[in-house]
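One structure below.
We count ligands from 1, going down the list as the structure has it; atoms in each ligand are counted the same way.
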Amino acid sequence: RLKIVTIGGGSSYTPELIEGYIKRKDELPIKEIWLVDIEEGKEKLEIVGNLAKRMVENAGLDWEIHLTLDRREALKDADFVSTQFRVGLLDARIKDERIPLSHGLIGQETNGAGGMFKAFRTVPVILDIVKDMKELCPDAWLVNFTNPSGMITEAVLKYGNFEKVVGLCNVPINHIMHESKLIEKNPDDLFFHFAGLNHHHWHKVYDKEGNDLTELVIEKMFNSNEPIVKNIRYIPFFKEQIRDLGMLPCSYHQYYYLQDDMLKKELEEYAKNETRAEKVKKVEAELFELYKDPNLKEKPAQLSQRGGTYYSDAACELISSIYNDKRSTMVVSTRNNGALADLPYDCAVEVSSIITASGPKPINFGKLPTAARGLVQVMKAMEELTIEAAVTGNYGTALQAFILNPLVPGGQIARTVLNEMLVAHKKHLPQF
Ligand code: NAD
Ligand code: G6P
Ligand code: MN
Ligand code: MN
């Protein structure tokens with residue numbers, strides 16, 4: 001029977017994961033689930049871990065739930081390791097959002113300067129985890145959710161030299177559910193072909209007869225003004241531009257295609273001390289109050305205020321697909337291997353893939369339209385440099401990545417924001 005480990009077990013998302021495992025109890029013979037955290041997250045781990053125990057017991061299952069601060073003890077002989085940690089917790093995210101905004105730049109968890117700093121803090125930790133895995137559970141799969149998910153996956157492949165890694169995100173599933181509804185079809189009767197990078201992908205939609213429905217979905221998208229994920233306020237794209245592109249952008253493209261409008265909204269939130277991280281901090285406090293209730297034995301509805309809807313469907317389905325060689329189609333971050341002809345072979349891309357016992361097999365997308373190719377090549381180069389800087393601690397490489405990022409203008413401002421963030425996050429940046 002399986003031993004599954006979750007690093008960052010104190011996350012408020014953990015009940016979501018546990019629910020996903022319970023739903024799949026007949027396909028996943030689980031014996032033990034180990035939730036790992038660190039000293040700073042000890043209290044959260046206790047609270048959410050006890051809820052996890054009640055959920056499992058309530059479902060009539062004999063699974064052992066272990067709570068620990070000892071990562072090595074947890075990793076010993078694990079079959080699957082999922083990662084959902086946040087170095088520096090939400091206070092670090094507040095800095096990632098507020099420092100760029102204080103200079104008039106987009107402040108976001110995975111995009112722009114904030115996303116690059118999240119990578120700088122996270123890469124050393126994930127490489128440490130990989131080192132432990134190679135020693136203690138070399139055959140386990142690493143299922144990474146930790147953001148920036150695509151860059152973290154690439155760091156594991158390139159610098160950790162560890163092949164059994166898959167990066168996940170819930171955004172593609174949110175698009176699939178949302179757009180199926182828009183055209184009144186069952187998602188199982190459609191094929192969504194995704195290609196690009198994590199939080200920077202596009203997709204096309206086909207039906208069972210092979211008809212290309214992309215144009216239809218694009219038109220429907222303009223008639224709907226619901227946000228796709230809770231954390232991104234909806235602003236409609238330019239119709240002419242998206243029609244010309246011929247693919248559906250993901251929600252995160254709003255930061256690039258509608259940069260000034262998005263910045264304006266963010267600056268309003270900044271002025272009110274209501275950036276996304278500040279709001280999430282309040283939601284998190286409410287969630288943990290609920291989690292403490294000994295009568296609560298299921299995932300509470302309030303968790304849907306977070307951006308991670310369908311998080312567990314992605315994680316638990318991936319684990320089941322690998323374990324059972326289900327060959328289901330999922331959108332994952334994995335080594336490109338030529339699926340996107342416009343990007344390096346050895347980089348991580350987020351692409352529709354067939355999930356087998358030997359991991360994801362990306363479905364070839366071929367060449368992207370010129371507009372997407374140009375942007376994604378800049379973004380990938382920026383990611384490669386960000387990861388390199390995170391590993392080496394080289395200031396010049398970090399500055400290079402900053403200047404290349406479309407959300408950071410070149411010039412003195414790049415240097416100023418970089419320097420200020422290096423000081424603000426010093427505690428979590430031993431490599432610099
Ligand atoms: P959080 O701030 O609650 O952090 C989760 C836990 O990680 C905390 O309990 C913290 O103590 C712990 N932690 C920090 N450093 C650690 C370390 N070195 N080892 C072990 N545990 C450590 O974060 P959250 O809001 O629950 O999000 C968790 C992570 O998942 C973030 O990185 C977030 O960006 C990511 N996320 C990704 C997706 C996706 O689509 N890929 C969706 C949702 C969340
Ligand atoms: C989406 C993204 C995640 C991101 C999350 C933020 O689900 O896919 O990568 O971490 O939103 O949500 P939050 O509620 O923390 O703002
Ligand atoms: Mn994501
Ligand atoms: Mn730039």
At a 4.0 Å threshold, what atoms of ligand 1 neighbour a non-hydrogen atom of [X]?
| X | answer |
| --- | --- |
| Asn170 | 40 (O) |
| Leu168 | 39 (C), 41 (N) |
| Cys169 | 39 (C), 40 (O), 41 (N) |
| Tyr311 | 42 (C), 43 (C), 44 (C) |
| Gly41 | 11 (O) |
| Glu284 | 3 (O) |
| Ser11 | 3 (O), 5 (C), 9 (O), 24 (P), 26 (O) |

Please indicate whether [X] has more than 12 foreign heavy atoms, meaning atoms of other residues, nucleotides or ligands, lying under 6.0 Å from its [atom1].
| X | atom1 | result |
| --- | --- | --- |
| Lys185 | NZ | no |
| Glu286 | CD | yes |
| Tyr345 | OH | no |
| Glu43 | CD | no |
| Lys279 | NZ | yes |
| Lys181 | NZ | no |

SB check Asp260 Lys265 (cutoff 4.0 Å): no
Pair Arg233 + Glu269, salt bridge at N-O below 4.0 Å: yes
Below 4.0 angstrom from a heavy atom of [X], which ligand 2 atoms are there? Numbered from 1 as shown, please.
| X | result |
| --- | --- |
| Cys169 | 8 (O) |
| Gly308 | 7 (O) |
| Val280 | 13 (P), 14 (O), 15 (O), 16 (O) |
| Gly307 | 1 (C), 7 (O), 11 (O), 12 (O), 13 (P), 14 (O) |
| Asn147 | 3 (C), 4 (C), 9 (O), 10 (O) |
| Tyr13 | 12 (O), 14 (O) |
| Arg93 | 13 (P), 15 (O), 16 (O) |
| Val171 | 8 (O) |

Calculate, to the nearest 0.5 Å, the distance between atoms NE2 and CG belonging to His425 and Asp91 respectively. 10.5 Å
Counting non-hydrogen protein atoms only, what is the nearest one to [atom]? Give residue, atom name and distance.
| atom | value |
| --- | --- |
| atom 15 (N) of ligand 1 | Ile38 CD1, 3.4 Å |
| atom 20 (C) of ligand 1 | Ile7 CG2, 3.6 Å |
| atom 39 (C) of ligand 1 | Phe145 CD2, 3.4 Å |
| atom 11 (O) of ligand 2 | Asn231 OD1, 3.0 Å |
| atom 2 (C) of ligand 2 | Tyr252 OH, 3.3 Å |
| atom 6 (C) of ligand 1 | Asp37 OD2, 3.7 Å |
| atom 8 (O) of ligand 2 | Asn170 OD1, 2.5 Å |
| atom 28 (C) of ligand 1 | Gln84 O, 3.1 Å |
| atom 18 (N) of ligand 1 | Val125 CG1, 3.6 Å |
| atom 34 (O) of ligand 1 | Glu109 OE2, 2.7 Å |
| atom 6 (C) of ligand 2 | Glu109 OE1, 3.6 Å |

Using atom types as modelled and distance alone, determine if a side-chain donor or acceptor of Ser321 lies under 3.5 Å from a backbone N or O of Leu318. no
Would you sort out whether Asp313 and Arg24 count as a salt bridge (Lys or Arg N to Asp or Glu O under 4.0 Å), showing the intermediate values? CA-CA 10 Å; Asp313 282 308; Arg24 289 168 185 78; 3.1 Å; yes
Taking heavy atoms and a distance under 4.0 Å, where does [X] meet ligand 2: side chain, backbone, both or neither?
| X | result |
| --- | --- |
| Thr309 | neither |
| Arg306 | both |
| Tyr310 | neither |
| His199 | side chain |

Do the rings of His201 and Phe194 sit parallel, tilted or perpendicular, given the 30° and 60° boundaries? perpendicular
Would one find an N or O of [X], backbone or side chain, under 3.5 Å from an N or O of ligand 1?
| X | result |
| --- | --- |
| Lys118 | yes |
| Glu40 | no |
| Leu89 | no |

Residue that, paired with Ile129, satisfies side-chain contact (heavy atoms from CB on, under 4.5 Å) out of Val125, Leu127, Asp132: Val125
Would you say Lys230 touches ligand 2, if touching means a heavy atom closer than 4.0 Å? no
Using the test side-chain contact (heavy atoms from CB on, under 4.5 Å), find all partners of Thr356 that sit at least two apart in sequence or belong to another chain. Asp325, Arg327, Ile354, Ser358, Lys361
For the residue pair Gln84 and Ile7, establish whether any side-chain heavy-atom pair is separated by less than 4.5 Å. no
Pick from Arg86, Lys44, Arg306: the one approaching atom 3 (O) of ligand 1 most closely through a non-hydrogen atom: Lys44
Taking the minimum heavy-atom distance to atom 43 (C) of ligand 1, which of Tyr13, Phe288, Tyr310, Phe85 ranks first? Tyr13
Please assess Ser352 against His193 for the test side chain to side chain donor-acceptor pair (under 3.5 Å), listing each intermediate value before the final yes or no. CA-CA 6 Å; Ser352 301; His193 199 173; 5.0 Å; no
Check whether NZ of the Lys or CZ of the Arg Lys31 lies under 6.0 Å from the centre of the six-membered ring of Trp63 and within 45 degrees of that ring's axis. no
Do Arg54 and Glu298 pass the salt bridge (Lys or Arg N to Asp or Glu O under 4.0 Å) test, and can you show the C-alpha distance, the side-chain angles, and the key distance before you say yes or no? CA-CA 8 Å; Arg54 295 195 298 275; Glu298 280 172 356; over 6 Å; no
So which of Arg86, Arg276, Lys118 actually passes side-chain hydrogen bond (donor to acceptor under 3.5 Å, both in side chains) with Glu109? Arg86
Could you verify whether a donor N or O on one side chain and an acceptor N or O on the other, from Ser82 and Thr6, lie under 3.5 Å apart? yes
